[in-house]
Protein chains: 2
Amino acid sequence: MAGERRKFRREGEERRRDQLVAAALEIIAEKGPDAATVRTIAERAGVTQGLIRHYFTSKGDLTRAAYQSHMQRMNEVSFAALDSAPQEPLARLEAFVSTTLSPPALNGTAVGLWSAFLQMIRRDPEMMVVHEANYLAFRDRLEGLIAALPGQRSPAELRALAIACTAVIDGLWLEGSAYPEGFDANELAAIGWRAVSAILGIDTPARAGTGPRPTTKETLP
Amino acid sequence: MAGERRKFRREGEERRRDQLVAAALEIIAEKGPDAATVRTIAERAGVTQGLIRHYFTSKGDLTRAAYQSHMQRMNEVSFAALDSAPQEPLARLEAFVSTTLSPPALNGTAVGLWSAFLQMIRRDPEMMVVHEANYLAFRDRLEGLIAALPGQRSPAELRALAIACTAVIDGLWLEGSAYPEGFDANELAAIGWRAVSAILGIDTPARAGTGPRPTTKETLP
DNA sequence: CGCACAATTATGCAAGCGTATAATTCCGGT
DNA sequence: ACCGGAATTATACGCTTGCATAATTGTGCG
(Lines give C-alpha, C1' and ligand atoms only; values in the text may rest on other atoms or scores of the structure.)
Protein backbone atom coordinates (compact mmCIF):
# COMPACT_ATOMS: atom_id res chain seq x y z
CA MET A 1 0.00 0.00 0.00
CA ALA A 2 2.43 2.65 1.16
CA GLY A 3 5.53 1.21 -0.39
CA GLU A 4 5.08 2.60 -3.88
CA ARG A 5 8.57 3.64 -4.70
CA ARG A 6 8.87 6.19 -7.42
CA LYS A 7 9.85 5.03 -10.90
CA PHE A 8 12.68 6.82 -12.64
CA ARG A 9 14.76 6.89 -15.77
CA ARG A 10 18.50 7.35 -15.89
CA GLU A 11 19.79 10.34 -17.78
CA GLY A 12 23.24 11.46 -18.72
CA GLU A 13 25.03 13.59 -16.20
CA GLU A 14 25.12 16.62 -18.45
CA ARG A 15 21.42 16.47 -19.14
CA ARG A 16 20.54 16.13 -15.47
CA ARG A 17 22.73 19.05 -14.55
CA ASP A 18 21.06 21.15 -17.20
CA GLN A 19 17.62 20.18 -15.97
CA LEU A 20 18.47 21.13 -12.43
CA VAL A 21 20.03 24.42 -13.49
CA ALA A 22 17.01 25.27 -15.64
CA ALA A 23 14.63 24.44 -12.82
CA ALA A 24 16.58 26.62 -10.41
CA LEU A 25 16.53 29.56 -12.81
CA GLU A 26 12.81 29.24 -13.44
CA ILE A 27 11.96 29.22 -9.79
CA ILE A 28 14.27 32.07 -8.90
CA ALA A 29 12.80 34.15 -11.72
CA GLU A 30 9.19 33.32 -10.94
CA LYS A 31 9.03 33.14 -7.18
CA GLY A 32 12.27 34.64 -5.97
CA PRO A 33 15.44 33.17 -4.55
CA ASP A 34 13.85 32.26 -1.22
CA ALA A 35 11.41 29.97 -2.98
CA ALA A 36 14.23 28.16 -4.73
CA THR A 37 14.80 25.48 -2.13
CA VAL A 38 16.44 22.17 -2.81
CA ARG A 39 13.05 20.52 -2.70
CA THR A 40 11.18 22.84 -5.04
CA ILE A 41 14.03 22.79 -7.54
CA ALA A 42 14.12 19.02 -7.55
CA GLU A 43 10.35 18.84 -7.91
CA ARG A 44 10.39 21.22 -10.86
CA ALA A 45 13.14 19.20 -12.50
CA GLY A 46 11.11 16.05 -12.01
CA VAL A 47 13.49 14.36 -9.60
CA THR A 48 13.87 14.06 -5.87
CA GLN A 49 16.02 16.30 -3.79
CA GLY A 50 18.78 13.84 -3.09
CA LEU A 51 19.84 13.98 -6.70
CA ILE A 52 20.94 17.57 -6.37
CA ARG A 53 23.62 16.57 -3.94
CA HIS A 54 24.62 13.81 -6.31
CA TYR A 55 25.45 16.25 -9.10
CA PHE A 56 26.40 19.34 -7.12
CA THR A 57 28.52 19.41 -4.03
CA SER A 58 26.18 21.91 -2.38
CA LYS A 59 23.22 24.09 -3.13
CA GLY A 60 25.53 27.05 -3.55
CA ASP A 61 27.35 25.10 -6.19
CA LEU A 62 24.11 24.64 -8.10
CA THR A 63 23.32 28.32 -7.73
CA ARG A 64 26.68 29.33 -9.15
CA ALA A 65 26.19 26.99 -12.06
CA ALA A 66 22.79 28.51 -12.68
CA TYR A 67 24.20 32.02 -12.70
CA GLN A 68 26.93 31.06 -15.11
CA SER A 69 24.43 29.38 -17.40
CA HIS A 70 22.08 32.34 -17.31
CA MET A 71 24.79 34.83 -18.17
CA GLN A 72 26.14 32.69 -20.94
CA ARG A 73 22.70 32.41 -22.49
CA MET A 74 22.13 36.15 -22.28
CA ASN A 75 25.40 36.66 -24.05
CA GLU A 76 24.55 34.24 -26.79
CA VAL A 77 21.20 35.88 -27.42
CA SER A 78 22.83 39.27 -27.61
CA PHE A 79 25.46 37.98 -30.01
CA ALA A 80 22.93 36.27 -32.22
CA ALA A 81 20.96 39.48 -32.67
CA LEU A 82 24.12 41.22 -33.79
CA ASP A 83 25.03 38.53 -36.25
CA SER A 84 21.83 38.91 -38.21
CA ALA A 85 22.09 42.69 -38.26
CA PRO A 86 23.02 44.71 -41.35
CA GLN A 87 26.52 45.86 -42.07
CA GLU A 88 26.44 49.64 -41.87
CA PRO A 89 27.86 50.58 -38.48
CA LEU A 90 25.06 52.98 -37.64
CA ALA A 91 22.33 50.46 -38.45
CA ARG A 92 24.15 47.80 -36.46
CA LEU A 93 24.31 50.02 -33.44
CA GLU A 94 20.68 50.94 -33.71
CA ALA A 95 19.68 47.32 -34.09
CA PHE A 96 21.66 46.43 -31.01
CA VAL A 97 20.07 49.14 -28.89
CA SER A 98 16.60 48.38 -30.16
CA THR A 99 16.94 44.65 -29.58
CA THR A 100 18.13 45.13 -26.04
CA LEU A 101 15.25 47.46 -25.22
CA SER A 102 12.43 45.39 -26.73
CA PRO A 103 10.95 42.06 -25.77
CA PRO A 104 12.03 39.40 -25.26
CA ALA A 105 15.19 40.94 -23.83
CA LEU A 106 12.98 43.39 -21.97
CA ASN A 107 10.90 41.29 -19.60
CA GLY A 108 10.00 41.00 -15.99
CA THR A 109 11.50 37.64 -15.22
CA ALA A 110 14.96 38.67 -16.33
CA VAL A 111 15.07 41.53 -13.91
CA GLY A 112 13.99 39.18 -11.17
CA LEU A 113 16.93 36.98 -11.93
CA TRP A 114 19.18 39.96 -12.25
CA SER A 115 18.42 41.41 -8.84
CA ALA A 116 18.45 38.01 -7.19
CA PHE A 117 21.93 37.29 -8.45
CA LEU A 118 23.15 40.79 -7.66
CA GLN A 119 22.61 39.91 -4.02
CA MET A 120 24.81 36.87 -4.27
CA ILE A 121 27.43 38.63 -6.34
CA ARG A 122 28.14 40.99 -3.52
CA ARG A 123 28.98 38.14 -1.17
CA ASP A 124 30.52 35.56 -3.46
CA PRO A 125 33.81 36.54 -5.11
CA GLU A 126 33.47 33.75 -7.62
CA MET A 127 30.17 35.18 -8.80
CA MET A 128 31.67 38.63 -8.89
CA VAL A 129 34.18 37.39 -11.41
CA VAL A 130 31.41 36.16 -13.66
CA HIS A 131 29.51 39.41 -13.32
CA GLU A 132 32.53 41.50 -14.12
CA ALA A 133 33.36 39.42 -17.16
CA ASN A 134 29.87 39.71 -18.53
CA TYR A 135 29.45 43.40 -17.87
CA LEU A 136 32.72 44.08 -19.61
CA ALA A 137 31.79 41.79 -22.49
CA PHE A 138 28.60 43.75 -23.05
CA ARG A 139 30.41 47.06 -22.83
CA ASP A 140 33.23 45.95 -25.07
CA ARG A 141 30.79 44.83 -27.71
CA LEU A 142 29.08 48.18 -27.54
CA GLU A 143 32.44 49.92 -27.67
CA GLY A 144 33.25 47.95 -30.80
CA LEU A 145 30.06 49.13 -32.42
CA ILE A 146 30.88 52.70 -31.52
CA ALA A 147 34.43 52.41 -32.79
CA ALA A 148 33.10 51.24 -36.15
CA LEU A 149 31.18 54.46 -36.63
CA PRO A 150 32.59 57.11 -38.89
CA GLY A 151 34.85 59.57 -37.14
CA GLN A 152 37.86 59.05 -34.94
CA ARG A 153 37.82 58.76 -31.20
CA SER A 154 40.62 58.26 -28.73
CA PRO A 155 40.63 55.12 -26.58
CA ALA A 156 39.76 57.12 -23.49
CA GLU A 157 36.93 58.76 -25.37
CA LEU A 158 35.69 55.40 -26.57
CA ARG A 159 35.73 54.04 -23.08
CA ALA A 160 33.71 56.93 -21.69
CA LEU A 161 31.19 56.73 -24.49
CA ALA A 162 30.78 53.00 -24.02
CA ILE A 163 30.26 53.40 -20.30
CA ALA A 164 27.65 56.08 -20.84
CA CYS A 165 25.78 54.15 -23.51
CA THR A 166 25.87 50.98 -21.47
CA ALA A 167 24.49 52.89 -18.53
CA VAL A 168 21.58 54.40 -20.41
CA ILE A 169 20.70 51.05 -21.96
CA ASP A 170 20.96 49.30 -18.61
CA GLY A 171 18.89 51.93 -16.89
CA LEU A 172 16.15 51.82 -19.49
CA TRP A 173 16.17 48.05 -19.57
CA LEU A 174 15.91 47.94 -15.83
CA GLU A 175 13.09 50.36 -15.36
CA GLY A 176 11.22 48.99 -18.32
CA SER A 177 11.46 45.50 -16.94
CA ALA A 178 10.76 46.37 -13.33
CA TYR A 179 7.92 48.79 -14.06
CA PRO A 180 6.50 47.78 -17.43
CA GLU A 181 3.17 49.60 -17.07
CA GLY A 182 5.02 52.88 -17.01
CA PHE A 183 6.03 52.92 -20.66
CA ASP A 184 4.50 52.45 -24.08
CA ALA A 185 5.47 49.60 -26.33
CA ASN A 186 8.25 51.10 -28.40
CA GLU A 187 8.86 54.07 -26.18
CA LEU A 188 11.96 52.77 -24.46
CA ALA A 189 13.66 51.62 -27.63
CA ALA A 190 13.01 54.99 -29.22
CA ILE A 191 14.22 56.92 -26.20
CA GLY A 192 17.24 54.69 -25.91
CA TRP A 193 18.26 55.20 -29.49
CA ARG A 194 17.80 58.95 -29.26
CA ALA A 195 19.87 59.07 -26.11
CA VAL A 196 22.65 56.95 -27.53
CA SER A 197 22.67 59.03 -30.68
CA ALA A 198 22.90 62.19 -28.66
CA ILE A 199 25.70 60.88 -26.48
CA LEU A 200 27.65 59.88 -29.57
CA GLY A 201 26.92 63.15 -31.32
CA ILE A 202 24.86 61.60 -34.09
CA ASP A 203 21.91 63.49 -35.56
CA THR A 204 18.72 61.80 -34.54
CA PRO A 205 17.43 60.22 -37.70
CA ALA A 206 13.73 60.10 -36.96
CA ARG A 207 12.15 63.30 -35.84
CA ALA A 208 13.85 66.41 -37.01
CA GLY A 209 12.97 69.55 -35.14
CA THR A 210 12.60 68.25 -31.63
CA GLY A 211 15.81 66.30 -31.52
CA PRO A 212 18.85 67.63 -29.78
CA ARG A 213 21.43 69.28 -31.96
CA PRO A 214 24.48 69.17 -29.79
CA THR A 215 27.13 71.32 -31.28
CA THR A 216 26.16 73.82 -33.92
CA LYS A 217 25.00 77.21 -32.89
CA GLU A 218 23.09 78.45 -35.87
CA THR A 219 20.64 75.81 -36.88
CA LEU A 220 17.81 75.49 -39.30
CA PRO A 221 16.06 78.14 -41.30
CA MET B 1 22.85 30.86 38.67
CA ALA B 2 21.07 30.60 35.38
CA GLY B 3 18.27 32.96 36.22
CA GLU B 4 19.94 36.24 35.28
CA ARG B 5 17.16 37.99 33.51
CA ARG B 6 18.14 40.73 31.17
CA LYS B 7 17.75 44.33 32.29
CA PHE B 8 15.95 46.74 30.01
CA ARG B 9 14.71 50.27 29.67
CA ARG B 10 11.34 51.29 28.34
CA GLU B 11 11.29 53.50 25.28
CA GLY B 12 8.58 55.29 23.43
CA GLU B 13 6.85 53.32 20.72
CA GLU B 14 8.07 55.58 17.94
CA ARG B 15 11.65 55.33 19.05
CA ARG B 16 11.54 51.55 19.30
CA ARG B 17 10.02 51.24 15.86
CA ASP B 18 12.74 53.45 14.46
CA GLN B 19 15.43 51.38 16.14
CA LEU B 20 14.05 48.17 14.72
CA VAL B 21 13.68 49.64 11.25
CA ALA B 22 17.22 50.98 11.34
CA ALA B 23 18.59 47.63 12.49
CA ALA B 24 16.75 45.83 9.73
CA LEU B 25 18.11 48.19 7.08
CA GLU B 26 21.65 47.85 8.36
CA ILE B 27 21.58 44.10 8.30
CA ILE B 28 19.93 43.87 4.89
CA ALA B 29 22.51 46.25 3.49
CA GLU B 30 25.49 44.58 5.10
CA LYS B 31 24.69 40.90 5.02
CA GLY B 32 21.77 40.56 2.67
CA PRO B 33 18.08 39.95 3.22
CA ASP B 34 18.55 36.33 4.25
CA ALA B 35 20.65 37.38 7.19
CA ALA B 36 17.97 39.75 8.38
CA THR B 37 16.12 37.36 10.62
CA VAL B 38 13.90 38.37 13.47
CA ARG B 39 16.62 37.39 15.88
CA THR B 40 19.54 39.23 14.29
CA ILE B 41 17.46 42.36 13.83
CA ALA B 42 16.42 42.34 17.46
CA GLU B 43 19.99 41.74 18.57
CA ARG B 44 21.26 44.66 16.47
CA ALA B 45 18.55 46.88 17.90
CA GLY B 46 19.56 45.86 21.41
CA VAL B 47 16.32 44.11 22.26
CA THR B 48 15.01 40.56 22.17
CA GLN B 49 13.06 39.12 19.32
CA GLY B 50 9.70 39.09 20.98
CA LEU B 51 9.59 42.84 20.86
CA ILE B 52 9.37 42.85 17.11
CA ARG B 53 6.04 41.13 17.21
CA HIS B 54 4.97 43.63 19.84
CA TYR B 55 5.49 46.58 17.51
CA PHE B 56 4.90 44.98 14.13
CA THR B 57 2.20 42.51 13.27
CA SER B 58 4.65 40.39 11.30
CA LYS B 59 8.15 40.40 9.95
CA GLY B 60 6.84 41.43 6.57
CA ASP B 61 5.26 44.42 8.24
CA LEU B 62 8.64 45.45 9.62
CA THR B 63 10.23 44.95 6.23
CA ARG B 64 7.68 47.16 4.54
CA ALA B 65 8.20 49.83 7.16
CA ALA B 66 11.95 49.59 6.57
CA TYR B 67 11.52 50.03 2.83
CA GLN B 68 9.28 53.02 3.29
CA SER B 69 11.73 54.59 5.70
CA HIS B 70 14.67 53.95 3.40
CA MET B 71 12.98 55.50 0.40
CA GLN B 72 11.85 58.48 2.37
CA ARG B 73 15.36 59.13 3.58
CA MET B 74 16.80 58.81 0.09
CA ASN B 75 14.29 61.36 -1.05
CA GLU B 76 15.17 63.77 1.72
CA VAL B 77 18.87 63.52 0.99
CA SER B 78 18.28 64.15 -2.66
CA PHE B 79 16.09 67.13 -1.91
CA ALA B 80 18.56 68.58 0.54
CA ALA B 81 21.34 68.50 -2.01
CA LEU B 82 19.15 70.40 -4.40
CA ASP B 83 18.19 73.00 -1.85
CA SER B 84 21.75 74.04 -1.24
CA ALA B 85 22.53 74.19 -4.93
CA PRO B 86 22.94 77.44 -6.85
CA GLN B 87 20.13 79.05 -8.76
CA GLU B 88 21.14 78.94 -12.39
CA PRO B 89 19.25 76.03 -13.94
CA LEU B 90 22.28 74.58 -15.64
CA ALA B 91 24.38 74.59 -12.49
CA ARG B 92 21.51 73.08 -10.53
CA LEU B 93 21.20 70.25 -12.97
CA GLU B 94 24.89 69.60 -12.95
CA ALA B 95 24.98 69.62 -9.17
CA PHE B 96 22.15 67.13 -9.07
CA VAL B 97 23.84 64.74 -11.47
CA SER B 98 27.18 65.05 -9.78
CA THR B 99 25.75 64.52 -6.31
CA THR B 100 23.90 61.41 -7.36
CA LEU B 101 26.99 59.91 -8.96
CA SER B 102 29.46 60.60 -6.17
CA PRO B 103 29.77 59.23 -2.67
CA PRO B 104 27.92 58.99 -0.38
CA ALA B 105 25.03 58.44 -2.77
CA LEU B 106 27.28 56.13 -4.74
CA ASN B 107 28.09 53.27 -2.42
CA GLY B 108 27.92 49.55 -2.21
CA THR B 109 25.49 49.18 0.64
CA ALA B 110 22.82 51.21 -1.10
CA VAL B 111 22.82 48.94 -4.10
CA GLY B 112 22.55 46.00 -1.76
CA LEU B 113 19.44 47.49 -0.26
CA TRP B 114 18.16 48.41 -3.67
CA SER B 115 18.41 44.94 -5.15
CA ALA B 116 17.13 43.31 -2.00
CA PHE B 117 14.00 45.41 -2.06
CA LEU B 118 13.56 44.99 -5.78
CA GLN B 119 12.96 41.33 -5.09
CA MET B 120 10.19 42.08 -2.66
CA ILE B 121 8.69 44.77 -4.85
CA ARG B 122 7.94 42.25 -7.53
CA ARG B 123 5.85 40.17 -5.17
CA ASP B 124 4.31 42.74 -2.88
CA PRO B 125 1.88 45.17 -4.54
CA GLU B 126 2.08 47.49 -1.57
CA MET B 127 5.82 47.82 -2.04
CA MET B 128 5.34 48.30 -5.75
CA VAL B 129 3.26 51.38 -5.01
CA VAL B 130 6.07 52.84 -2.94
CA HIS B 131 8.63 52.04 -5.60
CA GLU B 132 6.57 53.59 -8.34
CA ALA B 133 5.97 56.72 -6.34
CA ASN B 134 9.65 57.17 -5.63
CA TYR B 135 10.84 56.45 -9.13
CA LEU B 136 8.39 58.97 -10.48
CA ALA B 137 9.38 61.48 -7.82
CA PHE B 138 13.00 61.22 -8.87
CA ARG B 139 12.12 61.52 -12.52
CA ASP B 140 9.76 64.40 -11.95
CA ARG B 141 12.38 66.32 -10.05
CA LEU B 142 14.81 65.75 -12.88
CA GLU B 143 12.15 66.78 -15.36
CA GLY B 144 11.65 69.97 -13.40
CA LEU B 145 15.34 70.75 -13.60
CA ILE B 146 15.27 70.14 -17.33
CA ALA B 147 12.19 72.28 -17.80
CA ALA B 148 13.93 75.14 -16.04
CA LEU B 149 16.66 75.21 -18.64
CA PRO B 150 16.52 77.84 -21.35
CA GLY B 151 14.60 76.77 -24.38
CA GLN B 152 11.13 75.38 -24.82
CA ARG B 153 10.21 71.73 -24.88
CA SER B 154 6.88 70.05 -25.31
CA PRO B 155 5.55 67.92 -22.46
CA ALA B 156 6.15 64.75 -24.45
CA GLU B 157 9.68 65.88 -25.17
CA LEU B 158 10.27 66.66 -21.51
CA ARG B 159 9.02 63.24 -20.51
CA ALA B 160 11.31 61.46 -22.94
CA LEU B 161 14.32 63.51 -21.89
CA ALA B 162 13.63 62.88 -18.23
CA ILE B 163 13.30 59.15 -18.80
CA ALA B 164 16.56 59.03 -20.71
CA CYS B 165 18.47 61.08 -18.16
CA THR B 166 17.06 59.09 -15.28
CA ALA B 167 18.13 55.92 -17.03
CA VAL B 168 21.70 57.02 -17.62
CA ILE B 169 22.02 58.23 -14.04
CA ASP B 170 20.51 55.03 -12.69
CA GLY B 171 22.70 52.88 -14.88
CA LEU B 172 25.87 54.66 -13.88
CA TRP B 173 24.89 54.69 -10.23
CA LEU B 174 24.17 51.03 -10.35
CA GLU B 175 27.33 49.87 -12.04
CA GLY B 176 29.46 52.22 -10.03
CA SER B 177 27.98 50.90 -6.82
CA ALA B 178 27.97 47.25 -7.77
CA TYR B 179 31.41 47.26 -9.37
CA PRO B 180 33.35 50.10 -7.76
CA GLU B 181 36.82 48.91 -8.75
CA GLY B 182 35.90 49.40 -12.38
CA PHE B 183 35.88 53.18 -12.34
CA ASP B 184 38.03 56.08 -11.22
CA ALA B 185 36.95 58.46 -8.52
CA ASN B 186 35.26 61.21 -10.48
CA GLU B 187 34.90 59.27 -13.67
CA LEU B 188 31.25 58.40 -13.34
CA ALA B 189 30.14 61.88 -12.38
CA ALA B 190 32.01 63.31 -15.34
CA ILE B 191 30.64 60.75 -17.75
CA GLY B 192 27.17 61.22 -16.34
CA TRP B 193 27.23 64.94 -16.79
CA ARG B 194 28.57 64.69 -20.33
CA ALA B 195 25.89 62.16 -21.22
CA VAL B 196 23.09 64.23 -19.73
CA SER B 197 24.39 67.32 -21.48
CA ALA B 198 24.48 65.48 -24.77
CA ILE B 199 20.99 64.08 -24.35
CA LEU B 200 19.66 67.52 -23.58
CA GLY B 201 21.56 69.12 -26.42
CA ILE B 202 23.76 71.22 -24.19
CA ASP B 203 27.32 71.92 -25.19
CA THR B 204 29.67 70.06 -22.94
CA PRO B 205 31.05 72.52 -20.44
CA ALA B 206 34.62 71.64 -21.31
CA ARG B 207 34.21 73.14 -24.73
CA ALA B 208 32.69 76.29 -23.35
CA GLY B 209 31.97 79.39 -25.33
CA THR B 210 28.73 78.45 -26.93
CA GLY B 211 25.76 78.71 -24.66
CA PRO B 212 23.10 76.03 -24.51
CA ARG B 213 20.96 76.03 -27.61
CA PRO B 214 18.57 73.18 -26.97
CA THR B 215 15.86 73.62 -29.56
CA THR B 216 16.04 74.09 -33.26
CA LYS B 217 13.02 76.32 -33.46
CA GLU B 218 13.07 79.99 -32.77
CA THR B 219 13.73 80.48 -29.09
CA LEU B 220 15.65 83.48 -27.91
CA PRO B 221 14.93 87.11 -28.60
C1' DC C 1 5.28 54.10 48.71
C1' DG C 2 3.05 50.70 46.18
C1' DC C 3 0.15 49.19 42.61
C1' DA C 4 -1.43 48.24 38.15
C1' DC C 5 -0.38 47.71 33.55
C1' DA C 6 2.18 48.05 29.50
C1' DA C 7 6.85 47.02 27.86
C1' DT C 8 10.05 43.61 27.60
C1' DT C 9 12.14 39.13 28.17
C1' DA C 10 12.05 34.16 28.12
C1' DT C 11 10.54 29.91 26.48
C1' DG C 12 8.31 26.85 23.37
C1' DC C 13 6.61 25.08 18.98
C1' DA C 14 5.75 23.53 14.33
C1' DA C 15 7.50 23.96 9.80
C1' DG C 16 11.06 24.24 6.50
C1' DC C 17 15.77 24.36 5.43
C1' DG C 18 20.34 22.06 3.70
C1' DT C 19 22.77 18.08 4.25
C1' DA C 20 24.04 13.21 5.21
C1' DT C 21 23.25 8.47 4.56
C1' DA C 22 20.80 4.20 3.74
C1' DA C 23 17.82 1.73 0.67
C1' DT C 24 16.31 0.64 -3.89
C1' DT C 25 16.12 0.32 -8.95
C1' DC C 26 17.58 0.90 -13.52
C1' DC C 27 20.75 -0.59 -17.13
C1' DG C 28 24.92 -1.82 -19.83
C1' DG C 29 28.44 -5.43 -20.17
C1' DT C 30 29.30 -10.12 -20.40
C1' DA D 1 20.10 -13.90 -18.18
C1' DC D 2 22.00 -11.75 -14.57
C1' DC D 3 25.03 -9.04 -11.93
C1' DG D 4 27.50 -5.21 -10.34
C1' DG D 5 27.65 -0.63 -9.79
C1' DA D 6 26.01 3.88 -10.69
C1' DA D 7 21.78 6.65 -10.67
C1' DT D 8 18.00 7.67 -8.08
C1' DT D 9 14.82 7.57 -4.25
C1' DA D 10 13.74 7.57 0.62
C1' DT D 11 14.48 8.70 5.24
C1' DA D 12 16.44 11.01 8.97
C1' DC D 13 18.99 14.57 11.54
C1' DG D 14 20.29 18.96 13.34
C1' DC D 15 19.53 23.66 12.84
C1' DT D 16 17.13 27.91 11.97
C1' DT D 17 13.16 30.37 11.09
C1' DG D 18 8.79 33.09 12.16
C1' DC D 19 5.35 33.16 15.35
C1' DA D 20 2.81 32.37 19.80
C1' DT D 21 2.47 32.57 24.63
C1' DA D 22 3.84 32.73 29.39
C1' DA D 23 6.70 34.98 32.80
C1' DT D 24 8.76 39.14 34.59
C1' DT D 25 10.05 43.89 35.26
C1' DG D 26 10.23 48.79 34.65
C1' DT D 27 7.56 52.93 35.50
C1' DG D 28 3.99 56.57 35.73
C1' DC D 29 0.23 57.63 38.84
C1' DG D 30 -2.54 57.63 43.07
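Proteins come first, then strands; the chains are lettered A, B, ... in the order of their sequence lines, and each starts at number 1. Side chains included, hydrogens not; waters and symmetry mates left out as well; all remaining heavy atoms used.
- Taking only distance into account, the side chain of R5(A) meets the base of dT9(D) through a donor-acceptor pair shorter than 3.5 Å.
- Within 4.0 Å of Q49(B), counting heavy atoms only, lies at least one base atom of the nucleic acid.
- Between E143(B) and R153(B) there is no salt bridge, since no side-chain N of the basic residue sits under 4.0 Å from a carboxylate O of the acidic one.
- Following rounding to the nearest Å, E43(A) (CD) and dT9(D) (P) show an atom-to-atom distance of 13 Å.
- Residue contacts for T37(B): at a heavy-atom cut-off of 4.0 Å it reaches the sugar-phosphate backbone alone, with no base atom in range.
- Using a 4.0 Å heavy-atom distance criterion, F56(A) is classed as making no nucleic acid contact.
- Contact annotation: R6(A) does not reach the phosphate of dT24(C) (side-chain N/O to OP1 or OP2, under 4.0 Å).
- In this structure, Y67(A) and F117(A) have tilted ring planes: the angle between them lies in the 30° to 60° band.
- Between H54(B) and dT8(C), a side-chain N or O to OP1/OP2 separation shorter than 4.0 Å is absent.
- The pair R44(A)-E30(A) meets the salt-bridge criterion, since a charged nitrogen lies less than 4.0 angstrom from a carboxylate oxygen.
- At dG26(D), none of the side-chain N or O atoms of R10(B) fall inside 4.0 Å of OP1 or OP2 (strictly under the cut-off).
- As rounded to whole Å, 10 Å separates atom P of dC17(C) from atom CG of D34(A).
- Close to dC27(C), at under 4.0 Å from its OP1 or OP2, lies no side-chain N or O of R9(A).
- Distance, F8(A) CZ to dC27(C) P: 8 Å, rounded to whole Å.
- Residue E11(A) contributes atom CD, which lies 12 Å from atom C1' of dC26(C) at whole-angstrom precision.
- Between the CD atom of E4(B) and the P atom of dA10(C) there is a distance of 10 Å, given to the nearest Å.
- For E13(A) and dG5(D), the CD to C1' distance is 16 Å, given to the nearest whole Å.
- What separates OH of Y55(A) from C1' of dT8(D) is a distance of 8 Å, to the nearest Å.
- Both G50(B) and T40(A) lie close to DNA chain C; mapped to their nearest nucleotides by heavy-atom distance, the more 5′-ward contact belongs to G50(B).
- Among dG18(D), dT9(C), dT19(C), the nucleotide with an atom closest to any side-chain atom of K59(B) is dG18(D).
- The pair E187(A)-R159(B) counts as a salt bridge, with a side-chain nitrogen and a carboxylate oxygen less than 4.0 angstrom apart.
- The side chain of R39(B) has dT17(D) as its nearest neighbour among dT17(D), dC26(C), dC17(C).
- When distances run from any side-chain atom of L51(A) to the nucleotides dT9(D), dA7(C), dT11(D), the shortest one goes to dT9(D).
- Atom NZ of K31(B) is separated from atom P of dT16(D) by 16 Å (rounded to the nearest Å).
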Next item on the list: Using the side chain to side chain contact (heavy atoms under 4.5 Å, CB included) rule, take F8(A) and V47(A) through it: C-alpha gap first, then chi angles, then the decisive distance, then the call.
Entry: CA-CA 8 Å; F8(A) 62 91; V47(A) 297; over 6 Å; no
